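Values in this document were obtained by computation on a predicted structure and should not be read as measured data. Chain naming here is simple, since letters A, B, ... match the order of the sequence lines and numbering starts at 1 in each.
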Amino acid sequence: MSASITVSVAGNERSVAEATTAADLFADDRAIVVARVNGELRDLAHVLADGDAVEPVRIDDPDGLQVLRHSCAHVLAQAVQQVNPDAKLGIGPPIRDGFYYDFDVTTPFTPEDLKELEKVMQRIINEGQTFVRREVSDEDALVELAGEPFKCELIGLKGGSAEDAAEGAGVEVGGAQLTIYDNVRRDGTRAWGDLCRGPHIPTTKLLGNAFKVTRSSAAYWRGDQANQQLQRVYGTAWPTKADLTAYLDRLAEAERRDHRKLGIELDLYSFPDELGSGLPVFHPKGGVLKREMEDYVRRRHIEEGFLYVGTPHISKEGLFHTSGHLPYYADTMFPPMSMEGSDYYLKAMNCPMHNLIYRSRGRSYRELPLRLFEFGSVYRYEKSGVIHGLTRVRGLEMDDSHSYVTPEQAPAEIKHLLNFVLSLLRDFGLDDFYLELSTRDDSGAKKGKFIGSEEQWAEATQILADVAAESGLDLVPDPGGAAFYGPKISVQARDAIGRTWQMSTIQYDFNQPERFGLEYQAADGSRQQPVMIHSAKFGSIERFMGVLVEHYAGAFPPWLSPVQVLGVPVAEEYAGYLREVLSGLAAQGVRVELDESDDRFPKKIRNASKSKVPFVLIAGEDDRAAGAVSFRFRDGSQRNGIPVAEAAAEILAAIASRTQV
RNA sequence: GCCGCCUUAGCUCAGUCGGCAGAGCGAUUCACUCGUAAUGAAUAGGUCUGGGGUUCGAUUCCCCAAGGCGGCUCCA
């Protein structure tokens with residue numbers, strides 16, 4: 001007699017036969033690839049117990065996608081070891097939009113190798129191999145995997161420390177019970193197997209042809225620079241071929257928006273080799289963009305009560321000892337210049353100099369909050385391998401401010417700063433944010449990096465956390481991500497195609513005021529130490545410009561466009577008429593250009609389109625006769641015969657309101 | 001900094017199994033003056049990233065350096 005058990009399936013109580021598997025429950029829906037049993041993801045082959053709560057997980061659910069990609073990583077590893085039996089396995093977790101697998105091989109993978117691997121993977125997938133879970137003891141696993149030194153190392157780390165051992169290592173040995181997943185062919189023979197926590201999709205068939213091997217690179221074993229480098233192969237996998245194609249299209253769109261490419265096309269900036277790596281120069285059009293950004297940000301700061309200051313690019317080293325930066329960041333600062341018996345450093349941060357301004361005379365509590373702000377040029381010796389366009393440079397301009405406040409004023413000031421930075425970002429067209437709270441972490445490798453007492457850190461962190469919570473935005477913890485002198489909130493902004501960028505930062509610092517001996521005289525006549533709050537709104541002007549170029553794909557809103565209005569005469573005869581129209585606009589501060597080349601009209605239209613100028617004004621006989629112009633917009637739409645005064649008013653209004661057209 | 005790949009005209013890229021280098025776009029000039037994404041023709045433009053080596057001969061092969069790209073590590 002077969003006993004029955006009661007399970008809860010997607011919230012409904014059901015009585016089923018003993019030994020029923022999750023697969024039995026969801027057999028009629030092929031999109032269900034894994035199950036969540038009592039909150040844990042399980043293979044569909046998992047045998048249910050009385051009282052289990054079972055939820056179906058679809059292939060296109062976030063969890064389902066992770067499982068799909070992790071299974072695809074196994075197929076990749078099987079393919080690699082089929083082609084090269086000497087390859088040793090590292091780890092192979094799912095990542096955003098795909099997966100990777102690390103291998104120890106004597107020669108790195110070539111692009112041809114990757115194509116070959118893709119073919120081998122397709123054959124494995126077509127075989128319809130099933131993923132079969134098998135529990136093993138630690139001892140048996142060590143024997144079976146004696147040829148896989150990295151796996152053996154992970155077995156030694158299994159349990160609580162595995163997640164810390166390496167990002168992604170948890171997918172191999174995350175649980176208390178070690179398991180091996182065997183890939184079994186239809187004839188029952190074992191094709192391959194891998195130490196793995198699982199779960200997996202039931203069969204490789206589900207991968208179809210919706211996967212791709214994308215690239216390879218080196219990666220340090222367990223993410224540590226001190227360890228051996230392995231060769232990492234990246235891939236992507238999706239529920240359907242259409243999903244894969246859409247993903248590849250997204251990548252292509254990101255490539256089209258690449259600010260390095262658009263910077264050349266739009267003649268905004270360049271990176272001359274002669275200057276050195278990571279040192280951009282801004283061409284006239286990029287210069288306009290940069291100046292518009294700075295002018296606007298400077299004005300908004302002043303409106304919000306900041307005082308604009310200026311400080312030099314270099315300083316004697318003592319200053320950076322006082323601040324505490326030099327011991328921590330000496331290797332990321334440019335080496336010093338010796339002059340008149342002193343060592344001078346290019347500054348990598350502005351706060352020490354602002355502290356000197358604060359300290360230049362006695363301060364009263366009546367002056368607080370005292371908010372100092374500048375576009376400070378800083379230089380950081382970024383490692384050669386990390387330099388990237390405008391987003392990671394060695395010379396940059398920070399829109400940096402320091403608010404000096406009483407401890408009681410700190411929460412309100414932080415709130416003020418957060419609202420201020422969010423409003424600034426919105427003005428530039430970014431309006432989708434979340435926050436990150438970077439804190440001290442004494443358990444990890446960064447232990448010892450932080451100065452100040454635990455109580456001070458706890459208090460500062462709590463203040464930031466409270467303000468962040470009050471904002472209503474999502475808050476993501478970032479343990480260990482704080483600077484040495486205090487915790488920080490950072491604002492992450494999503495751009496037009498969904499990528500996130502770290503923008504503004506707000507840091508609570510109780511250390512530097514002490515190190516600099518900053519004080520103010522309180523109402524009772526006593527001397528008190530202020531708290532300083534660091535804040536960068538865009539992080540760096542360069543980086544933010546890069547983000548804006550990609551966010552707008554080079555098609556800036558009129559107020560930021562290097563050229564706002566481009567005149568295109570239908571024929572040479574109408575150039576004079578257009579010139580008059582344009583000079584009228586220029587007199588009102590509009591940035592105008594006239595296409596006086598001897599190109600034919602269609603070519604001028606093409607050039608105008610490629611330049612991404614927001615307003616193209618066209619004039620021919622019809623327009624001139626009517627005292628009008630014709631608009632052509634970036635989307636190709638047009639409005640003909642608009643009276644000149646009306647056109648001018650529309651253009652000026654769009655610029656003034658900072659709207660996109 | 002580490003690993004891999006790459007560096008040819010202003011830009012995008014061919015090419016040379018080692019024998020004094022090509023295209024398109026762009027630029028300049030001439031003709032054309034045209035109503036919504038490329039008119040035609042001509043001309044100029046390159047110590048083939050730099051330095052060493054091998055060779056009768058190196059842009060091509062080898063070594064080193066610089067710069068770029070993709071990752072890793074890092075990012076006050």
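- Between A:Phe538 and A:Phe544, the angle of the ring planes stays under 30°, which puts this pair in the parallel group of the 30/60° scheme.
- B:rU8 and B:rU60 are spaced 11 Å apart, taking the C1' atom of each and rounding to whole Å.
- Base engagement by A:Thr332 is indicated by at least one non-hydrogen atom pair under 4.0 Å involving a base atom.
- Note on A:Arg215: every side-chain N or O is 4.0 Å or more away from OP1 and OP2 of B:rG70.
- A gap of 26 Å separates the C1' atoms of B:rG51 and B:rG10, to the nearest Å.
- Between A:Phe271 and A:Tyr379, the one whose closest nucleotide on RNA chain B sits nearer the 5' end is A:Phe271.
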- Go ahead and write out RNA chain B as dot-bracket, 5' to 3': ( ) for pairs within the strand, [ ] for ones crossing earlier pairs, | when the partner sits on another strand, dots for unpaired; Watson-Crick or G-U wobble, both distances under 3.5 Å. (((((((..((((.....[..)))).(((((.......))))).....(((((..]....))))))))))))....
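- Nucleic acid contact class of A:Tyr381 (heavy atoms, under 4.0 Å, all strands): sugar-phosphate only.
- Rounded to whole Å, atom C1' of B:rG71 lies 13 Å from atom CG of A:Leu230.
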- Message: So if I define the base as every atom that isn't primed, P, OP1 or OP2, how would nucleotides 27-42 of chain B read as a B/S/- string at a heavy-atom cutoff under 4.0 Å?
- Response: -----BBBBBBBB---
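- By the 6.0 Å contact criterion, NZ on A:Lys212 is open, its count of non-hydrogen atoms from other residues, nucleotides or ligands being 12 or less.
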- Message: What does the B/S/- profile of nucleotides 2-15 of chain B look like, 5' to 3', with a 4.0 Å heavy-atom cutoff to protein?
- Response: BBS-----------
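- Contact check, A:His388 against B:rG71: no side-chain N or O comes under 4.0 Å of OP1 or OP2.
- At the phosphate of B:rG70, OP1 or OP2 sits under 4.0 Å from a side-chain N or O atom of A:Arg260.
- Results of the ring-ring contact (aromatic ring centres under 6.0 Å, His included) test with A:Tyr234 over A:Phe211, A:Phe99, A:Phe109, A:Tyr100 single out A:Tyr100 as the only residue that passes.
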